[in-house]
Amino acid sequence: MGTKTSVEFDPFIERKAFDETKEGVKGLVDAKITEVPRIFHAPKDSLADKEPSVPDLAIPIIDFACVHVDTASREAVVEKVKYAAEKWGFFQVINHGIPLNVLKEIEDGGRRFHEEDPEVKKRYFSRDLANKNFVYNSNFDLYGSSPSVNWRDTFACYMAPDPPTPEELPETCRDAMFDYSKHVISLGGLLFELLSEALGLEPDILKSKECLKSLLMLCHYYPPCPQPDLTLGTSKHSDNSFLTILLQDNIGGLQILHQDSWVDVTPLPGALIINIGDFLQLITNNKFISVEHRVLANRQGPRVSVASFFSSSKRANSTVYGPMKELVSEENPPKYRDITIQEYTDGYTEKGLDGTSYLMNFRI
């Protein structure tokens with residue numbers, strides 16, 4: 001008898017087999033695997049330079065405590081937001097007005113759902129967010145063109161403009177999701193005012209363009225990984241949104257690409273991370289920047305994060321977005337063609353997190 005040769009690796013078949021367990025990455029960890037399956041092995045070049053090349057670099061931290069005190073205080077905050085949105089695309093906010101117990105409850109609620117009995121979670125397993133209000137799965141782009149599968153599970157829900165009924169949400173996180181999203185929409189309103197002012201425009205300009213209309217909430221769960229050097233929690237990408245508000249726990253692993261160097265976004269208790277999305281870069285004609293970021297896999301964990309995207313809606317929306325007329329001129333012509341959010345989202349989802357920028361496809 002000759003020795004048995006390894007079977008040809010078919011990533012589609014292996015991805016489908018993983019998907020059909022409906023147990024996600026947590027199912028693998030619960031099965032006590034010691035080696036990361038091949039479908040999770042990230043390309044070598046995407047795993048390079050995990051250690052920041054400039055260790056002390058940090059994204060801006062902005063204190064919102066005095067934003068409503070007086071005009072001078074607000075202008076000082078606007079100036080900081082302007083700098084962060086133009087130079088970094090990311091910033092952390094403290095004293096943002098969302099109570100700490102609300103942050104703790106959504107983080108705990110997300111963790112409770114992901115650690116629920118697998119048979120309970122399977123009831124919510126779906127890839128059809130267009131027709132279901134709450135879905136749970138692993139890797140939205142599992143069947144896309146991404147070169148590897150990421151080490152994370154996720155649930156997703158549109159909280160606005162058409163919120164789900166209480167019965168559509170799992171009991172483990174239902175109240176927390178309603179409470180947190182209400183606060184996030186309020187904070188989003190303030191952020192879009194400050195960003196409008198940072199553009200030198202009226203405070204309600206971005207709200208009038210319906211940037212605040214739709215809210216998609218994702219809760220990511222990154223189980224501990226036995227071989228974190230082989231895979232990523234989330235591959236390099238920029239966000240399919242106008243703006244993203246992120247709550248992360250204390251594990252860490254989020255990195256942003258700043259001037260060609262990876263920078264750690266160190267957890268700051270009670271803070272929220274704000275980042276500019278692709279749509280805002282497009283309508284501000286590159287005034288604000290949507291920056292690529294990733295999440296490293298980690299032996300520690302699980303890591304839990306809650307990302308709230310002011311972005312696309314399940315509703316068909318024919319609104320056309322292009323660089324704002326207030327920001328273009330002969331000297332500064334439009335850098336992007338007009339798009340609809342639906343067109344962008346469909347292409348972004350199909351492409352998946354393959355490490356390239358989808359926004360560049362719309363450059364003029």
Side-chain angles (χ1 to χ4, degrees), residues 9-31 33 35-43 46-47 110-111 113-116 118 121-132 134-158 216-228 230-241 244 246 248 253-255 292-298 301-307 309 311-312 345-356 358:
F9 175 45
D10 184 328
F12 176 79
I13 289 175
E14 295 203 15
R15 287 183 188 209
K16 195 166 190 304
F18 165 68
D19 201 34
E20 286 173 351
T21 68
K22 300 184 178 179
E23 294 190 9
V25 176
K26 183 163 193 305
L28 299 175
V29 173
D30 288 348
I33 62 154
E35 293 185 355
V36 168
R38 287 176 295 185
I39 54 171
F40 292 92
H41 289 200
S46 69
L47 295 167
R111 185 180 283 106
F113 173 80
H114 284 290
E115 294 176 356
E116 178 71 273
K121 286 197 297 188
K122 283 178 186 179
R123 283 190 242 143
Y124 297 97
F125 186 89
S126 173
R127 296 195 171 276
D128 187 12
L129 191 53
N131 294 302
K132 286 192 160 64
F134 181 100
V135 304
Y136 143 73
N137 58 50
S138 184
N139 289 258
F140 76 91
D141 57 347
L142 186 70
Y143 297 115
S145 57
S146 55
S148 61
V149 181
N150 287 162
W151 196 258
R152 86 175 178 277
D153 301 329
T154 303
F155 71 67
C157 182
Y158 280 104
L216 172 64
M217 184 190 290
L218 302 186
C219 176
H220 296 308
Y221 184 88
Y222 301 87
C225 181
Q227 295 175 302
L230 295 181
T231 188
L232 285 163
T234 302
S235 302
K236 181 177 83 167
H237 68 288
S238 58
D239 283 357
N240 171 40
S241 66
T244 306
L246 179 78
Q248 66 168 347
L254 175 64
Q255 295 184 325
E292 291 180 315
H293 48 289
R294 68 184 182 186
V295 178
L296 302 180
N298 201 322
R303 176 181 186 266
V304 174
S305 69
V306 182
F309 299 89
S311 63
S312 62
T345 302
D346 289 348
Y348 180 99
T349 305
E350 191 179 329
K351 180 184 82 72
L353 306 185
D354 64 358
T356 64
Y358 191 56

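Worth knowing before you read on, the calculation uses all heavy atoms, side chains too, and leaves out hydrogens, waters and symmetry mates.
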Which residues share a ring pair (Phe, Tyr, Trp, His ring centres under 6.0 Å) with Tyr221, sequence neighbours left out: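 Tyr221 satisfies ring pair (Phe, Tyr, Trp, His ring centres under 6.0 Å) with His114 once adjacent residues are dropped.
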Sequence neighbours left out, what passes ring pair (Phe, Tyr, Trp, His ring centres under 6.0 Å) with Phe125? Give chain and number order.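 For Phe125, the residues satisfying ring pair (Phe, Tyr, Trp, His ring centres under 6.0 Å) (neighbours in sequence not counted) are Tyr136.
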Side chain to side chain contact (heavy atoms under 4.5 Å, CB included) partners for [X], two or more places apart:
| X | result |
| --- | --- |
| Pro43 | Asp45, Ser46, Pro147, Ser148 |
| Leu47 | Ala42, Lys50, Leu232 |
| Ser146 | Arg15, Asp141 |

Ignoring hydrogens and angles, tell me if any N or O in the side chain of [X] forms a donor-acceptor pair with the backbone of [Y] under 3.5 Å.
| X | Y | result |
| --- | --- | --- |
| Asn137 | Ser126 | yes |
| His220 | Phe155 | no |
| His237 | Ser235 | yes |
| Lys351 | Thr356 | yes |

Can you confirm whether [X] sits close enough to [Y] that some side-chain heavy atom of one is under 4.5 Å from a side-chain heavy atom of the other?
| X | Y | value |
| --- | --- | --- |
| Pro226 | Val36 | yes |
| Leu254 | Arg303 | yes |
| Leu353 | Asn150 | yes |
| Thr154 | Ser138 | no |
| Phe18 | Val25 | yes |
| Leu142 | Val149 | yes |
| Asn139 | Arg152 | yes |
| Thr231 | Cys225 | yes |

Minimum heavy-atom separation for [X] and [Y], please, with both atom names.
| X | Y | result |
| --- | --- | --- |
| Gly110 | Cys219 | CA-SG, 3.6 Å |
| Ala156 | Leu218 | CB-CD2, 3.1 Å |
| Tyr358 | Gly347 | OH-CA, 3.1 Å |

I'd like to check the salt bridge (Lys or Arg N to Asp or Glu O under 4.0 Å) partners of Glu35; sequence neighbours left out, ordered by chain and number.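 Glu35: no salt bridge (Lys or Arg N to Asp or Glu O under 4.0 Å) contacts found.
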Gap between atom CG of Leu28 and atom CZ of Phe40 - 0.5 Å precision: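 Spacing of CZ (Phe40) from CG (Leu28) equals 5.0 Å.
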Salt bridge check: are [X] and [Y] linked by an N-O gap of less than 4.0 Å?
| X | Y | result |
| --- | --- | --- |
| Arg127 | Asp19 | yes |
| Lys121 | Glu116 | no |
| Lys26 | Glu115 | no |

